[in-house]
Amino acid sequence: MRKGSKKETPPDPAPETPRGGVPEDVPSPADEDCLEERLAVLLAAGIPAVLLTIVSSRGSAPRHAGTRALLTAAGLEGTVGGGALEARAVEAARQSLESGISARVACDLTGLSPASDMICGGSMEVLCEALGQEQARLFALAAQVLREGGRGAWIVDVSRESLPQRRLHLAALPETPAEGPEDWAALAASGAVRTDLEAAIPLLEEIKNKPGLISLGERSVYVEPLDAPPVLLLCGGGHVSLEVAALAHACGFVVDVVDDRPEFSDPARFPMARRCLTLPGFENLVEACGIGRRHYVAIVTRGHSFDREALAQALTSHAAYIGMIGSKSKREQVYAFLRAQGVPDAELAAVRCPIGLSIGAETPRQIAVSVVAELLAARAGTLQRLRFED
């Protein structure tokens, strides 16, 4: 994808949209890295919530086991498939929110009428789990484990659909507890948390490390690996990055932005971002941004030299994906320089440049569609099945 030469100017901050039903001191969903953290914040603030989870799916269902959404008095956050299915699930979740009683909703999509907007076929089962303030610490612990890159699994006994029993199995408690060591210890003593991940591994292996229901004699349990969302690091805060950030966040990525200019790494410019950093010359990129295995790095800076510098540093990390904007000629210039610096061809071959799927994109929004589509394909492991420009 080619970048235009027109000088970029940061827009005025967008006015805040009021969120009816949610206290002003509760941050918007963009302020949390994952659903676990979102729940911890809501529940700690005394805001009841219902966690909608697809626990099983068969056939051509629109979404699969592990898909989650939240319902509060302010409305639905996320989706479990849309259309008639979601309407059924949300209605059940509203009843759970009002009564405080959980429920399981079975939806057979093969029996819907031709007038329905759901023609996928298949069937799904949604757990509507009523949650209260007493569970805030449990989700806070899960969020802390995710932040530290720990391992774990959710085990939810759904044998009694009106009273599901949720437990968190961990390899170990966090080394730096957010609430104090005695808080996590109290959770472990309550039985809601167990530091015996080994006991959950056979269940995870049975479902091939993906969310799903398992029958254990007369009991039925839902098993879900504790999995942190992917992080998209945008190197450069220009027009293209602004569009990519909005779409990537809507598609489930945690978004971080780094630029050498404060006005282009401003939280007011990127309200959907988790953090915005200003790094002169993009120095110390890997350490400052904490680039790790769940990072997807998109290099979209304002110049070849900055792109080259960001790419050279990103290649020293364990990022899951690295892409760089630019023409084929720019790619060859940058690669030639890095080869001269000793970067192996095998490492350069793993970089997606020009970034994004080849869909003829020209405008920043069109480029964002191509980039985010490529990110999703990389995450799903289907990137090599798609056709790209040479």
Side-chain angles (χ1 to χ4, degrees), residues 27 29 31-44 49 51 53 65-68 70 78 129 131 134-157 164-212 214 221-233 252-256 274-275 286-297 317-321 379 381:
D31 295 317
E32 286 88 50
D33 292 353
C34 61
L35 183 142
E36 280 79 5
E37 185 172 0
R38 178 64 176 163
L39 272 170
V41 169
L42 290 172
L43 298 177
L51 173 59
T53 305
T67 300
R68 304 184 296 179
L70 289 179
E129 190 176 357
L131 301 169
E134 67 279 2
Q135 289 159 296
R137 291 186 304 151
L138 177 62
F139 287 99
L141 172 57
Q144 182 75 11
V145 172
L146 289 172
R147 279 192 295 270
E148 295 186 3
R151 299 173 59 226
W154 288 112
I155 308 293
V156 188
D157 190 326
Q165 300 296 313
R166 176 176 287 269
R167 291 199 314 272
L168 179 60
H169 290 249
L170 301 174
L173 291 173
E175 295 181 1
T176 55
E179 305 291 338
E182 69 286 348
D183 195 60
W184 298 157
L187 274 177
S190 72
V193 177
R194 298 184 180 178
T195 54
D196 63 346
L197 184 59
E198 294 77 10
I201 288 178
L203 301 180
L204 292 169
E205 291 176 344
E206 184 173 337
I207 57 173
K208 299 180 180 179
N209 210 39
K210 295 181 178 180
I214 296 177
V221 298
Y222 169 70
V223 183
E224 179 183 291
L226 186 64
D227 191 17
V231 177
L232 170 61
L233 175 62
F253 286 82
V254 173
V255 177
D256 290 345
R274 175 180 64 172
R275 63 172 64 99
V286 175
E287 293 78 9
C289 298
I291 301 176
R293 298 185 185 278
R294 67 184 182 110
H295 276 76
Y296 292 67
V297 180
S317 73
H318 296 288
Y321 164 98
R379 188 184 183 200

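Predicted model only: the values in this text are computed from it and were never measured. As a basis for the values below, the full set of heavy atoms in this structure was taken, side chains included, without hydrogen atoms, waters or symmetry mates.
Rounded to the nearest 0.5 angstrom, Leu204 CG and Arg151 CZ are separated by 8.5 Å. Here the CG atom belonging to Leu226 is positioned 7.0 Å from the CG atom belonging to Leu170, to the nearest 0.5 angstrom. Annotation: the span from Leu39 atom CG to Leu131 atom CG amounts to 6.0 Å, rounded to 0.5 Å.
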Please lay out, stage by stage, how Leu70 and Leu42 fare under the test side chain to side chain contact (heavy atoms under 4.5 Å, CB included). CA-CA 10 Å; Leu70 289 179; Leu42 290 172; 4.2 Å; yes
Stepwise side chain to side chain contact (heavy atoms under 4.5 Å, CB included) check, Phe139 with Leu43: CA-CA 9 Å; Phe139 287 99; Leu43 298 177; 4.0 Å; yes
Begin from the C-alpha positions of Leu173 and Val193 and carry the test side chain to side chain contact (heavy atoms under 4.5 Å, CB included) through to its verdict. CA-CA 9 Å; Leu173 291 173; Val193 177; 4.2 Å; yes
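Nearest approach of Leu197 to His169, heavy atoms of both residues: CD1-O, 3.8 Å. Considering every non-hydrogen atom in both Pro225 and Pro211, the closest pair reads CD-N, 3.9 Å. What you find for Trp184 and Ala140 is that their closest heavy atoms are CH2-C, 4.0 Å. For Ala44 against Ala136, the heavy-atom pair with the smallest separation is N-CB, 3.5 Å. What you find for Leu187 and Arg137 is that their closest heavy atoms are CD1-O, 3.5 Å. Thr53 and Arg68 get closest at one heavy-atom pair: OG1-CG, 3.9 Å.
Residues Val156 and Arg167 have side chains not in contact (no heavy-atom distance under 4.5 Å, counting atoms from C-beta outward). Taking 4.5 Å as the limit, every side-chain heavy atom of Asp256 sits out of range of all side-chain heavy atoms of Cys289. Annotation: side chain of Glu36 is in contact with side chain of Leu146 (closest heavy-atom distance under 4.5 Å). Side-chain contact between Leu233 and Val255: absent, with no pair of heavy atoms (C-beta onward) separated by less than 4.5 Å.
For Arg166 and Trp154, the positive end sits near the middle of the six-membered ring, less than 6.0 Å away and at most 45° from its axis.
Ring-plane geometry between Phe253 and Tyr296 is classed as perpendicular, the angle between the planes exceeding 60 degrees on a 0 to 90 degree scale with a lower cut at 30.
Just one residue in the list Arg379, Arg293, His295 forms a side chain to side chain contact (heavy atoms under 4.5 Å, CB included) with Pro230, and that residue is Arg379.
Between Lys210 and Glu224 there is no salt bridge, since no side-chain N of the basic residue sits under 4.0 Å from a carboxylate O of the acidic one.
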